[in-house]
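Step one of this worksheet: look at the structure below.
Remember, it's 1-based here, ligands and their atoms both numbered in the order they're listed.
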Amino acid sequence: MKALLCTRYCTPDELELIDIADPAPGPGETVVRVRAAALNFFDNLIIAGKYQHKPPFPFSPAAEFAGEVESVGAGVTGFAPGDRVIGNIGWGAAREKVAVAADQLIVMPPGLDFDHAAGLTVTYGTTMHALRDRAQLKPGETLAVLGAAGGTGLAAVELGKLMGARVIACASSDDKIAFARQHGADDGVNYTATDLKDALRALTGGKGVNVVYDPIGGAQGEAALRGMDWGGRYLVIGFAAGDMPKLPLNLVLLRSYDVFGVYWGAWVQRNPQGHRANMMQILDWCAQGKLSAHVHAVYPLSDAPAALKAIAARQVMGKAILHP
Ligand SMILES: NC(=O)c1ccc[n+]([C@@H]2O[C@H](COP(=O)([O-])OP(=O)(O)OC[C@H]3O[C@@H](n4cnc5c(N)ncnc54)[C@H](OP(=O)(O)O)[C@@H]3O)[C@@H](O)[C@H]2O)c1
């Protein structure tokens, strides 16, 4: 089978497309024929050796996938060849087949296609955990989403609306804000053209927003914190801009703010039932057309470097999908 391999820490162009042996399912495992694999922001970090996980070489990027069960190993019940499934394995899905522990798979509902199902888990799973489990977002509250056209950002726009919030999409271009509005955002702030703190206050009658969802950090992270209302909740999702903001703790004290760390992958390990329940809700909403799981573009495996470079260049809206 074909596999996209990282054989040493490298750039996207240095990944190698190589023929390797097909996997066989071990006890408790299934082999899944990958029909679509989804890339995330962290795939560029993992191949460069700059991510918190450092898999042994050689490994494939792409954490998540959708496909069909091809074979099952000893002791596997509940799955049979032909079942349509999704999975999240951290890395390793940019190849034609993966061997996966059966308890890491979730059956796809009818009506959902592989391309849209492949990229649901990391972005919507993280965001459901952030908004519902951590911030406990309530109907009528105001939610500011940074990087609102990216993978996690779009998920926050859509899930925030479904949870009844007024959503302010914050992004670096008018096109990205228009895209977020098409997916339900009520208002938009272009933070390359406007001061984010002032804009958030202006849009909320001077009070500020209730919740900030921040996957980018940097200067905009602090500006968004300063644009929160009394008792505001700030969700630390990631640092796509590269810099980790040093939050002014005097503001946390003076304005009674809560700052929530969101380490979704670790939470999934600690609470697999909670994760499964969140995913069932996400899949159900997606199958009903309430979530878009927007696909920016589909790339053949041989074009994966172009997909990774588009993510790094802030060009991808929603998800970049690979077809092994
Ligand atoms: N905490 C968790 O458990 C968890 C889970 C999943 C992902 N994450 C993290 O969340 C972050 C975002 O992930 P994602 O999937 O949403 O990524 P994405 O789809 O690539 O979107 C990231 C957004 O960040 C903004 N951005 C600002 N500066 C950037 C830069 N220098 N390079 C690239 N993008 C930049 C861009 O929006 P604008 O152009 O509009 O500014 C871009 O759309 C990453 O750091 C990722 O590792 C964390």
**Asked** Ignoring hydrogens and geometry, is there a side-chain-to-backbone donor-acceptor pair from Asp303 to Ala306 under 3.5 Å?
**Response** no
**Message:** My understanding is that we take every heavy atom of each candidate and find the minimum distance to atom 5 (C) of ligand 1. Doing that for Asp243, Thr126, Asp214, which one comes out nearest?
**Reply:** Thr126
**Prompt:** How far is atom 41 (O) of ligand 1 from its nearest protein heavy atom, and which residue and atom is that?
**Reply:** Tyr191 OH, 2.6 Å
**Prompt:** Just distances here: any N/O of Thr123 and N/O of ligand 1 closer than 3.5 Å?
**Reply:** no
**Prompt:** Who gets closest to atom 32 (N) of ligand 1 by heavy atom: Ser172, Gly318, Ala240?
**Reply:** Ala240
**Request:** Compare every heavy atom of Ile106 with every heavy atom of Met279, then report the nearest pair and how far apart it is.
**Result:** CB-CD1, 3.6 Å
**Asked** Going by the atom numbers of ligand 1, which of them fall below 4.0 Å from some non-hydrogen atom of Ala171?
**Response** 40 (O)
**Prompt:** Got Pro25 and Thr30 here, is their nearest side-chain heavy-atom distance under 4.5 Å?
**Reply:** no
**Fill in**
of all protein heavy atoms, closest to atom 34 (N) of ligand 1 is Arg314 CG, 3.3 Å
**Request:** Find all atoms of ligand 1 within a distance of less than 4.0 Å from any non-hydrogen atom belonging to Gly147, and give their numbers and elements.
**Result:** 37 (O)
**Message:** Keeping His296 on the side-chain end and Gly318 on the backbone end, is there a donor-acceptor pair under 3.5 Å?
**Reply:** no
**Prompt:** Looking only at non-hydrogen atoms, which of Val122, Ile237, Asp43, Val316 approaches atom 48 (C) of ligand 1 most closely?
**Reply:** Ile237
**Request:** Considering heavy atoms of the protein only, find what lies nearest to atom 3 (O) of ligand 1 and give residue, atom and distance to 0.1 Å.
**Result:** Trp264 N, 2.9 Å
**Request:** Starting from atom 18 (P) of ligand 1, find the nearest protein heavy-atom neighbour and note its residue, name and distance.
**Result:** Gly151 N, 3.9 Å
**Asked** For atom 16 (O) of ligand 1, what is the nearest protein heavy atom, given as residue, atom name and distance?
**Response** Thr152 OG1, 2.6 Å
**Message:** Using a 4.0 Å cut-off to any heavy atom of Ile311, which atoms of ligand 1 qualify?
**Reply:** 20 (O)
**Asked** Using the benzene-type ring in the case of Trp, are the ring centres of His129 and Trp267 under 6.0 Å apart?
**Response** yes
**Main-chain N/O of Ile46 paired with Lys54 side-chain donor or acceptor, under 3.5 Å** = no
**Request:** Considering heavy atoms of the protein only, find what lies nearest to atom 11 (C) of ligand 1 and give residue, atom and distance to 0.1 Å.
**Result:** Pro215 O, 3.3 Å
**Prompt:** What protein heavy atom is closest to atom 46 (C) of ligand 1, reported as residue, atom name and distance in Å?
**Reply:** Phe41 CD2, 4.1 Å
**Prompt:** Are Asp187 and Arg166 within salt-bridge range, i.e. N to O under 4.0 Å?
**Reply:** yes
**Prompt:** Where the side chain of Arg255 meets the backbone of Met228, is there a donor-acceptor pair that is under 3.5 Å apart?
**Reply:** yes
**Message:** Could you tell me, atom by atom, which parts of ligand 1 come under 4.0 Å of a heavy atom of Val262?
**Reply:** 1 (N), 2 (C), 3 (O)
**Request:** Do me a favour and list the nearest non-hydrogen protein atom to atom 42 (C) of ligand 1 with residue, atom name and distance?
**Result:** Lys176 NZ, 4.3 Å
**Those atoms of ligand 1 less than 4.0 Å from some heavy atom in Gly150** = 19 (O), 21 (O), 43 (O)
**Message:** Side-chain heavy atoms nearer than 4.5 Å, only ILVMFWY residues, links allowed to pass through others: does that put Tyr51 and Leu308 together?
**Reply:** yes
**Complete:** Note: ligand 1 atoms sitting under 4.0 Å from heavy atoms of Phe239 are 45 (O)
**Message:** For the backbone of Pro58 and the side chain of Thr7, can you confirm whether one donor and one acceptor N or O come within less than 3.5 Å of each other?
**Reply:** no
**Check: Tyr234 main-chain N/O paired with Tyr257 side-chain donor or acceptor under 3.5 Å** = no
